[in-house]
Amino acid sequence: MIEFEDVTKQYPDGTVAVDTLSLRIPSNEITVFVGPSGCGKTTSLRMINRTIERTSGRISIDGEDINSKDAVALRRGIGYVIQHAGLFPHKTVVDNIATVPKLLGWDKRRARTTAMELLERVGLDVKLAERYPAQLSGGQQQRVGVARALAADPPIMLMDEPFSAVDPIVRNQLQEELLRLQRDIGKTIVFVTHDIDEAIKLGDNVAILRVGGKLAQLAPPSELLANPVDDFVRDFVGRDRGYRALTFVHPDELPVKPLPAELVLDDAGAPVGWRTDHEVQPVNAVYKQGDSLRAALDAVLTSPNGWGVCIDANGRAVGIVDQVIVAEALRS
Amino acid sequence: MIEFEDVTKQYPDGTVAVDTLSLRIPSNEITVFVGPSGCGKTTSLRMINRTIERTSGRISIDGEDINSKDAVALRRGIGYVIQHAGLFPHKTVVDNIATVPKLLGWDKRRARTTAMELLERVGLDVKLAERYPAQLSGGQQQRVGVARALAADPPIMLMDEPFSAVDPIVRNQLQEELLRLQRDIGKTIVFVTHDIDEAIKLGDNVAILRVGGKLAQLAPPSELLANPVDDFVRDFVGRDRGYRALTFVHPDELPVKPLPAELVLDDAGAPVGWRTDHEVQPVNAVYKQGDSLRAALDAVLTSPNGWGVCIDANGRAVGIVDQVIVAEALRS
Amino acid sequence: MTWIGDNLGLIWEQLREHLYLAILPVILGLLISVPLGYVATRFSWLANPLIAFGGVLYSLPSIALFIVLPAILGTKVLSTVNIVVALTIYTVSLLIRNVIDGLRSVPAEVRQSAVAVGYGSLHRLVAIDLPIAVPVIFAGLRVVTVANISMVSVGAVIGIGGLGELFTLGFQKDFLTPVVVGVALSLLLALVADLILVGLQRVLTPWARVIHTPPVEVA
Amino acid sequence: MWEYLSDSYNWSGPEGIWARILQHLWYTFAALGLSTLIALPIGLRIGHTRRGAFLAINLGNAARALPSLGLLMLAVLLTDQIGFLPVLIALVALGIPPILASTYAGLSGVDPATIDAARGMGMTGREILTKVEIPIAMPLIISGVRGATLQIVSTATIAALVSLGGLGRYVVDGLKLRDFPQMFTGALLVALLAIALDLLFAVLGRVAVSDGLKVD
Amino acid sequence: GGGGDQLGDSNAGSTTAPAEVKSITVGSADFSESQLLAEIYGQALAAKGIEVKKKPNIGNRETYMAAIKDGSVDLVPEYTGAALAYFDKNSTETSEDGAYDALKKAVSPGLEILDKSPAADEDTIVVTKATADKYSLKSLADLKGKDLVAGGSSEFKVRSAGLKGLKEKYDVDFKNYLTLDAGGPLSQKALLDNKIQVTNLFTTQSIIKDEGLVQLEDPENILPPNNVVPLIRTDHKSDAIAATLNAVSAKLTTDDLTDMVKRIDVGKESADAVAKDWLSKNPLS
Ligand SMILES: Nc1ncnc2c1ncn2[C@@H]1O[C@H](COP(=O)(O)OP(=O)(O)OP(=O)(O)O)[C@@H](O)[C@H]1O
Ligand SMILES: Nc1ncnc2c1ncn2[C@@H]1O[C@H](COP(=O)(O)OP(=O)(O)OP(=O)(O)O)[C@@H](O)[C@H]1O
Ligand SMILES: [Mg+2]
Ligand SMILES: [Mg+2]
């Protein structure tokens, strides 16, 4: 656990970037710092690895004050990923990833093997190992940045807007990969973003900061969407809040209706279309058993006839839902 | 109207960026080109003001081939806004805006007055007039870019990912302002983005291009969401398609239920909260009469008790809706 | 010290000659480099050969150039034209690189805007490209100006060297004062010229002076 | 001139062209080595700490105005010596400014995000300097040394004014005797030597600069 | 000389003397005595109402000759023997008058010399007292086979009043030759530091006496007589100018020269002031 106790940071020019901030960052989970520009997210994050020194207060990791350790040693035990990745342009991909292991004095073979493993782990082709950063796309660079931070298997990872410089499609991929990766590695991740959607998607907990470096609310995303503590949080969380909140509603089992005759199935039992008088309309809208209520609702809303098709893990249609069923689920 | 007839662009290195593209861009509306990276959006746009020359085919404005005109004269009659605004760093804001009028030989006073008017029109303080671009935030620069393009009051505006370099909050502001502005000025706007949300929000018509510069579908956004022509468009339009489509459903009048006793109102009749046994819970969720179904549904979903409050233009509560009412509206 | 007092006239004379011999080539060089650099950005295959050729010219020893030029130009051996031409050659050979770099430093989106707004190509050069290239061109201008001031004195070896003549004068007599005066005045001249250029650049580029912290968004 | 160059007698012996070239190279490399030894550490220090930049850069630029000829004569008079030492002083003064300026420029041009990343992963100041800043600044450092070489080679000609050898001998003797072929020969050889050294540094640049800094 | 000579010749002006010359440019070589003489000529002419421009310190003989040939300057102080060797490389004249007469014929078209002065500044080849004692040197002939290092100007190395003559007439070879300057500070320093043992100085230089240098005898007369003589472009030789310069030449003595050069080189006085002094003590009627 990382703990902030009354932490304040005042820059030499007088700016108070972080003001008596107290919060706990639980281990093995993703905690996201989110807030408007200039609210002190980066400052808070960087005080953890002491690339910025706090002015007052106490920051501890597992109970131990970070100032009791040598800064360089502290940093080697913490992974750090930033926007644009900050890769070393003069080193190949594999050398970039192996940087910290080499600093730690691992033998070359081992550092290299680890680097190659990580390359695959973050979803990159090992053929890219000998390329230089300038030969990679933005998304690939960002993946290398993550791999580099993971190289010495640090228990903590700090990530400062790591995905904000790539385009929305790639960003989405990177987010998915991070979640997948985290399921395997279970690090303590502190993630900074100014995008509330990203925060909600990635965070086990989300800390919303307001300008001046004050904590507005720290809670799991569902809680944040359902019960914003004040207008600032409400506004920041933004419109479609109710709809987005459905992401976190997983009705154990939505009662489905039996498949109607109009639904055309293929040989394997997968839905193909809706028979009408003249033609077969495609089934635009399916959701998987166990998906969130958001998916179910969207299937209903997308469907040409208001019926969302529920499929099982194998893609076979198992039943349909309509707005009444969803509405019922919402009520409970 | 701008018309593309079998327009092809092949770059000297052999890349076919745009392939026999035919489409019509109606006057006085916003037409958005959207598609994955490299699909030829920028190329198509820039062929209109001949900063890129087409290889074959015909592009005409109001029936007249653009090649029949002098390129420089053509450009002076077309506004052009790009990412990062591309402001002239050595000119003040007002001089930037007055560039085209001066090129057209307007007298100085008039060019300046027009520039100052435009500054206000795009939502900037006139105090910024004498600043240099480097002294503006990204969002402000983008507004100046729009003002500069509007300066000679050209009937056509080309905008190439104008808002993609600013953060999401500012981007949202800029989008709203563009829509507001367009209501006043009614230009023929061709807008390029790779963000489908932006396309749906801004476009009267959206042209989805696929890589290789082929048109996949050109339709109003509601149509696009409801009836994507193929899997490419469906995937591109993305998840939440059904929910987003509600944006375009404006039920003439959603039947509201009378205000229940639990709803606490203030003196002016505005909703304040829901009375429960121990406390008053805030009303998170209101929508305005005449809003889209999306807003109504979100109000229902957001509300702590499943009741969305409908308010009139003055903010007075006029009734409530629940999921059943919304579900009914959806069915029709 | 008395030597300085006795020879104020001479020192002043040489200082003036020095200034003239150093600055005129800078101006001529600039007038040549800008069109040349512009051509090199239009026909980009020209740029690298041009820069490389500049490098070769620059490595010709100045003494040799000073002496060879009369034979090539048909000028008189003691004519200041020789020095001016030689230094102009050096100026162009150094400055061409900065002009090209400067014109290339115009951000792509700015150039795009300028085209789209409807600037013709020459008009764009004057109104957009050159002003934006000023900082890079001036960086080069500062270096050549200072280098020229240093190089003029080599001309003393053939009898036209501005302050350089103080060096030979003192040297022949094994006499430190004129040499020190010459070196000090050269330095001073360079410093003043450099300051003037810095000032001129500030005047020419008011936009570069502004603080680069963007203010808060005013909606 | 071709006569001069094609006469094999002119090439060999203690006053032959080969000997002159070797002498010229010796002056050049001695001055270059010393300039680098002085300018590089200062440039690295300023670039790494970003302190004192203003002073160093402006002094460096002003130092370019030191007239080599005057400096040489001053050095002769002050050291009361003729020969290598005064020449070395004049040439070293010439070599320092470009190396200093480009070393500083190279270091200060390193992307702050890269340094941030290096610091964040636990590199010490020295490690950041040697593993990140210097390799990334290498192209500019080398170009500074190249610039200095070019100037030193061409100016080493003045060594001949104070009795030393080198290719300047041809230029200066040619000047005194108004023997143009000899002088042309000298000037041409100096220029050729400069080009050769420049190519050498270009090759060195290819070897010493990471491929990662060359891709566009 | 090479191409420069031809170029200079082609630039030479008309060969007929004009009746009146309003302005004249006086040049000088890159050593103190030449500058002094140029100052004296200049001030004397200025006193006669002629506008005088100065181009002091042009360089060595080869350089200022190119300048006078192409009209960059109109008048320089010269020395009979040395100038003769320049214009006629094969000349063997050893007498004062012979050299003067030969020079008169040998000068390039467009140039003329005026009357020679009794003042002379001979080339001399010197060694230090220590060297002279060590190798028992009295005459140039004694240098033969001594394995010494010589030094001096570029031109001393190649002309007959220099290494060439030493080799031909005395069969002297040196171990090495350092190219320094024409009797200037470099040569003096090198000699006193024993970097070179033999060098070429001029008889008016005070260092010879002050340092007790030994002038080696020249029985074969390789060093020519060297009377001071004005070299002038014909197109600038009016009667008035010729008369003034001839008057200067008539008054000037070798002792005067020696004194004045010492004041400049050792006393660090300016040539300008020393010349003015001499003219005021020696009014030219
Ligand atoms: N070195 C510094 N000196 C002075 N003020 C600074 C410094 N660094 C940051 N600040 C100020 O401190 C405040 C917080 O900065 P910080 O970078 O932590 O914000 P942030 O939340 O990361 O913002 P963003 O979303 O723009 O990255 C801002 O007002 C900023 O201007
Ligand atoms: N000057 C050029 N020479 C060669 N190919 C080019 C050139 N400009 C663009 N292309 C290629 O043409 C295709 C279309 O490019 P274009 O810039 O129009 O795409 P875009 O849709 O605007 O993409 P993005 O969303 O990345 O801006 C791409 O494959 C691109 O690589
Ligand atoms: Mg930040
Ligand atoms: Mg594009």
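For the numbers below, each heavy atom of this structure counts, side chains included, while hydrogens, waters and symmetry mates do not. Within every chain, numbering begins at 1; the chains are lettered A, B, ... in the order of the sequence lines, protein sequences first and strands thereafter. Please read these numbers as outputs of a predicted model, since none were measured by experiment.
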Nearest heavy atoms of C:Leu176 and D:Leu77, plus distance in Å: CD1-CB, 3.4 Å
Enclosure of C:Arg142 CZ (heavy-atom neighbours >12, cutoff 6.0 Å): yes
Worked verdict on C:Thr168 versus D:Met73 for side-chain contact (heavy atoms from CB on, under 4.5 Å): CA-CA 8 Å; C:Thr168 40; D:Met73 294 181 168; 4.0 Å; yes
Residue part contacting chain D, namely of C:Val180, when any heavy atom lies under 4.5 Å: both
Part of D:Val171 within contact of chain C (heavy atom distance under 4.5 Å): side chain
Contacting moiety of D:Ile195, where chain C heavy atoms sit under 4.5 Å: side chain
Non-hydrogen atoms of C:Val146 and D:Ala65 that approach each other most closely: CG1-N, 3.2 Å
Worked check of side-chain contact (heavy atoms from CB on, under 4.5 Å) between C:Asp194 and D:Arg64: CA-CA 11 Å; C:Asp194 201 40; D:Arg64 286 179 205 265; over 6 Å; no
Atom CZ of D:Arg45: over 12 foreign heavy atoms under 6.0 Å: no
Heavy-atom contact with chain C under 4.5 Å, split by part of D:Leu167: neither
Give every donor-acceptor pair under 3.5 Å between a side-chain atom in residues 62-73 of chain C and any protein atom, sequence neighbours left out.
none

Nearest atoms (heavy-atom pairs only) where C:Leu60 meets D:Ser154: O-OG, 4.2 Å
Nearest-0.5 Å distance, OG of residue C:Ser150 to CG of residue D:Leu66: 7.5 Å
Closest approach of C:Ser153 to D:Pro67 (non-hydrogen atoms, all atoms of both residues): OG-CB, 3.2 Å
Residue-level contacts of residues 46-56 of chain C with chain D, using a heavy-atom cutoff under 4.5 Å: C:Gly55, C:Val56
Where D:Val190 and C:Ser59 come nearest, the two heavy atoms and their spacing: CG1-O, 3.8 Å
Approximate separation, where rounding is to 0.5 Å, of C:Phe171 CZ and D:Leu72 CG: 7.0 Å
